[in-house]
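Throughout, residue positions are numbered sequentially from 1 according to the sequence presented. Keep in mind the model is a prediction, meaning the values are calculated, not measured.
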Amino acid sequence: MKKILFLFFLPLYSFAQTANTYTQEGNSKANTRDYNGAIQDFTRAIELNNKSADVFYYRANAYGNLKEYKAAINDYAQAIALKPGLTNAYLYKANAEAALQDYQAAITDFDRAIAMGPTSADMFHYRGNAKSNIGDYAGAIADFTTALQFTPNNADLYKYRGLAKNNNNNFTGAIADYNMAIKLSPNSSEIYQYMAGSKASINDYNGAIADYTKTLALNPNNAEAYFYRGNTRAKLNDYKGAVDDYKKAAAINPGLKNLLLYMANAQSNMGDTNGALDYFNKAIAQFPQNASLYMYRGVIKSDKKDNRGALEDFNKAIELDPKNGDIYQSRSFAKLALGDNEGAKLDAESAIQINPNSISAYVSLSKAKMAMKDTAGVIADLTKAISLNSKSDEAYLARGDAYRDLGVPVAAINDYTRAIAINPVYTYAFLNRAIEKNKLGDYGGAVKDLEKLISIAPQQQNGYLRLGKINNFYKYTNNGTQLFTAAITLNPANPDFYLYRGEAKAATGDAKGAMIDYNTGVLKAPKNITLLLKRSLAKAAAEDNNGAIADLSSALKIDSLSDSTALVWQARGFVKAKLKNYKGALTDFDRAVSIYSNDETFLFRGDTKLALKDYAGAADDYHNATYMNDANVKAFSHSGIAKSYLGDAQGAKDDFTAAFKVTPNSPDLYIDRATAKVNLKDPNGAVLDCNTAISLDPKNSRAYLQRGLAKIALDDKTGGCADMNKALSMGSKEAADQISKYCK
């Protein structure tokens, strides 16, 4: 955003006669744009009188108009030294310093000019430009806003403020400014191009494409606009449209950086990797001495895992252009893939030697050192890359990946977070951070990151797949059904998306919708064990126990040995137990335990042994369950019941004490303890526990049933039968059996 002030010359009246003549002649020549002649005259005037601030000022203006900025700055400094109140000298000196990219010095002089006054739009305008160039976007925005108070119809000011807002990640604010600029300057192709970039940053890809199209209508020879429109079309998976745009860009400017690589990548994404190679083959035949073509063809070969072919191309590229660091960097990756870690390291070091400020080269070097187990060197290289540019999202991502590979997930997450702070739409950082959070058991954080990734890149299926694989993802989002509906729209052939949407629907209570999705998934993938397992559990919940067993048996015919089948054996055991097939259930639980056991497996097997009156065996299983998970309340309470049958009053008391520490106000826990107390000949204590359960949950039929049994033990048949009939009226199926037994 450089803009040079046009420098004006004013008449002079008060010099000595000869100096005055030279000064007037200099001004006359300057006004006819004969700046060299003007400088000669001003120089003669200064030789005769070197105490005139105005003559130094005029000569500085002439130097400035010839773009001899260093000479101009020196003369402005002389003018200021002689006349410190010369406001315009500070202003024009600042402008010359900005032209030399000495933005900090320029800002200092703009500050002085503004402080001296009177102020003008130009002062704030150009200081805003300088601030933008040093990355002080907030300061630039403030200056452009002040300048607009002087000239509210200045399209350039809205354009520059829009650029500053864009660079400050305020993309919506940038778009608003670009729209104002377009109203004031409707035929500016540049503004449409800037606005397209901001829209792409907020994932409004269709809006961005429309703006790039408008840019090209106003300037059909804008190769960059074709290039960026191609990139945006690729974001929407319109690879054919992207390739067409890349080809148009190449026709205008074949030397546009990375153009050929993006074109080849788009062709590869169309499934036309051979077409991409063919493109480079033809280009190399036409331009056999173009090193970049060999490099890009090598990159495509690397993507196709043809690393030896890639190596040949990189060697040729280096032969043609031995000072190109990018080629060494690319060859480093190919050597790494071929196991030549030392060669990869040497190439990365060569890339750094050529370009010491290349962050990508340090990333390459770190990967080579990682392969060589030089873990300290890996972090040191990536920290160096960050020191080169603390705003590099790529460097933080790479260091995060290194910490990930080194098994330091917290440090990895911190670096991914820094990358996201710099680039709030960095999909790789959100994906990798989600993976690390998932490893740490932060499932909610992982889900949140993947939802953000999907909002940024809704066309990328990997985000949906990662989300569905998070343990109980549906507990951490209210959008599961909508998200996987979108995933199914993207790829209706993927059975996993139906599985995940079914889980999300089940979590919201939509059992019917979940079953429909499980059925669709099984139709598409009849050997998908997870789908069969989930459908079986849904059938069991709907009391279709035989259907559930059929699904689980089908799953076990497909695979009965791998670790993943432990849950299938466990589920089938659970359903068999519901059908009171306790021996069959026990057999299935035994298989589950032999493959891979968790606390739930031991709990279910303990319940089965309890039903078979193997109280000692049940107590052992409950002990294993609580050992694996000391927060498993059911395992503690059921253990207490098993021990009550064994007459182990102290053991039962200890178990219930442990359970109440976890959930002190659980009605079910009081009911279970009441059961144990009846077994231990303490029916009065049982009644008290049931009373507490009823106070906590007046609609709990189990509490009334168990209180009825306790009253029967106290020979209170009337009260006991009343409670059991109350339980029956509340829907207890077990109550009917007890009533027929005790209340005839």
Side-chain angles (χ1 to χ4, degrees), residues 1-3 98 101 103 107 124-148 152 154-216 218-219 222-236 256-258 389-394 396 418-430 452 455-457:
M1 292 186 291
K2 299 176 190 173
K3 189 165 180 178
Q101 299 183 14
Y103 301 114
I107 290 168
F124 293 100
H125 181 169
Y126 299 126
R127 187 174 71 175
N129 287 348
K131 287 180 178 178
S132 280
N133 281 309
I134 64 168
D136 177 12
Y137 302 118
I141 291 165
D143 275 349
F144 294 136
T145 300
T146 303
L148 281 166
N154 187 323
D156 279 347
L157 284 171
Y158 283 107
K159 176 179 70 175
Y160 292 140
R161 191 173 71 174
L163 282 168
K165 287 180 178 178
N166 179 85
N167 291 333
N168 209 35
N169 297 322
N170 179 8
F171 305 115
T172 303
I175 291 166
D177 275 348
Y178 294 141
N179 278 320
M180 285 297 300
I182 286 168
K183 285 182 181 179
L184 296 167
S185 181
N187 294 318
S188 171
S189 64
E190 184 181 47
I191 298 172
Y192 280 105
Q193 184 170 339
Y194 292 149
M195 186 157 66
S198 293
K199 287 181 178 178
S201 295
I202 59 171
N203 308 318
D204 178 10
Y205 299 125
N206 289 315
I209 289 169
D211 284 338
Y212 283 128
T213 301
K214 183 66 176 177
T215 301
L216 290 163
L218 293 167
N219 180 7
N222 188 330
E224 281 192 351
Y226 279 114
F227 177 58
Y228 292 131
R229 189 173 72 175
N231 290 348
T232 309
R233 284 179 164 163
K235 292 279 189 183
L236 293 173
L256 202 59
K257 187 175 181 181
N258 292 329
N389 181 3
S390 63
K391 297 295 184 181
S392 170
D393 51 359
E394 178 193 9
Y396 280 113
R418 291 186 180 102
I420 290 166
I422 296 165
N423 180 0
V425 292
Y426 202 175
T427 55
Y428 289 112
F430 279 109
K452 180 65 177 178
S455 73
I456 296 168

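When the side chain to side chain contact (heavy atoms under 4.5 Å, CB included) test is applied to A457, the partners found at least two apart in sequence or on another chain are T427, Q460. A search for ring-ring contact (aromatic ring centres under 6.0 Å, His included) contacts involving F227 returns Y246, Y262, not counting sequence neighbours. Scored by the side-chain hydrogen bond (donor to acceptor under 3.5 Å, both in side chains) test, T213 finds R229 as partners (sequence neighbours excluded). Take N423 and apply the side chain to side chain contact (heavy atoms under 4.5 Å, CB included) test, not counting sequence neighbours, and it matches D393, V425, Y426. In this view, N168 satisfies the side-chain hydrogen bond (donor to acceptor under 3.5 Å, both in side chains) rule with no residue, not counting sequence neighbours. Take S198 and apply the side-chain hydrogen bond (donor to acceptor under 3.5 Å, both in side chains) test, not counting sequence neighbours, and it matches N166. Remark: Y228 pairs with no residue by the side-chain hydrogen bond (donor to acceptor under 3.5 Å, both in side chains) rule, at least two apart or across chains. Partners of L218 by side chain to side chain contact (heavy atoms under 4.5 Å, CB included), not counting sequence neighbours, listed by chain and number: N187, S189, Y192, K214.
Taking 4.5 Å as the limit, some side-chain heavy atom of P424 sits within range of a side-chain heavy atom of N169. Side chains of N170 and I141 form no contact here, defined as non-hydrogen atoms less than 4.5 Å apart. Under the 4.5 Å side-chain criterion, counting only non-hydrogen atoms from C-beta, N154 is not in contact with L184.
For residues 186-212, every residue pair satisfying the salt bridge (Lys or Arg N to Asp or Glu O under 4.0 Å) rule, not counting sequence neighbours, is listed here: K159-E190, K199-D211. Contacts classified as salt bridge (Lys or Arg N to Asp or Glu O under 4.0 Å) and involving residues 176-189 (residues at least two apart or in different chains) are given here: R161-D177, K165-D177. Sorted by first then second residue, the salt bridge (Lys or Arg N to Asp or Glu O under 4.0 Å) pairs that include residues 124-147, not counting sequence neighbours, are D111-R127, R127-D143, K131-D143.
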List the steps, then state whether side-chain hydrogen bond (donor to acceptor under 3.5 Å, both in side chains) holds for N203 with Y205.
CA-CA 5 Å; N203 308 318; Y205 299 125; 3.0 Å; yes

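Under the 3.5 Å distance criterion, the side-chain polar atoms of T215 are matched with a main-chain donor or acceptor of Q193. Although no hydrogens or angles enter the test, the distance criterion places no donor-acceptor pair under 3.5 Å between the side chain of Y160 and the main chain of F144.
The minimum heavy-atom distance between G162 and A174, with the atom names listed, is O-CB, 3.2 Å. Nearest heavy atom pair, residue A196 against residue A208, reads O-CB, 3.3 Å.
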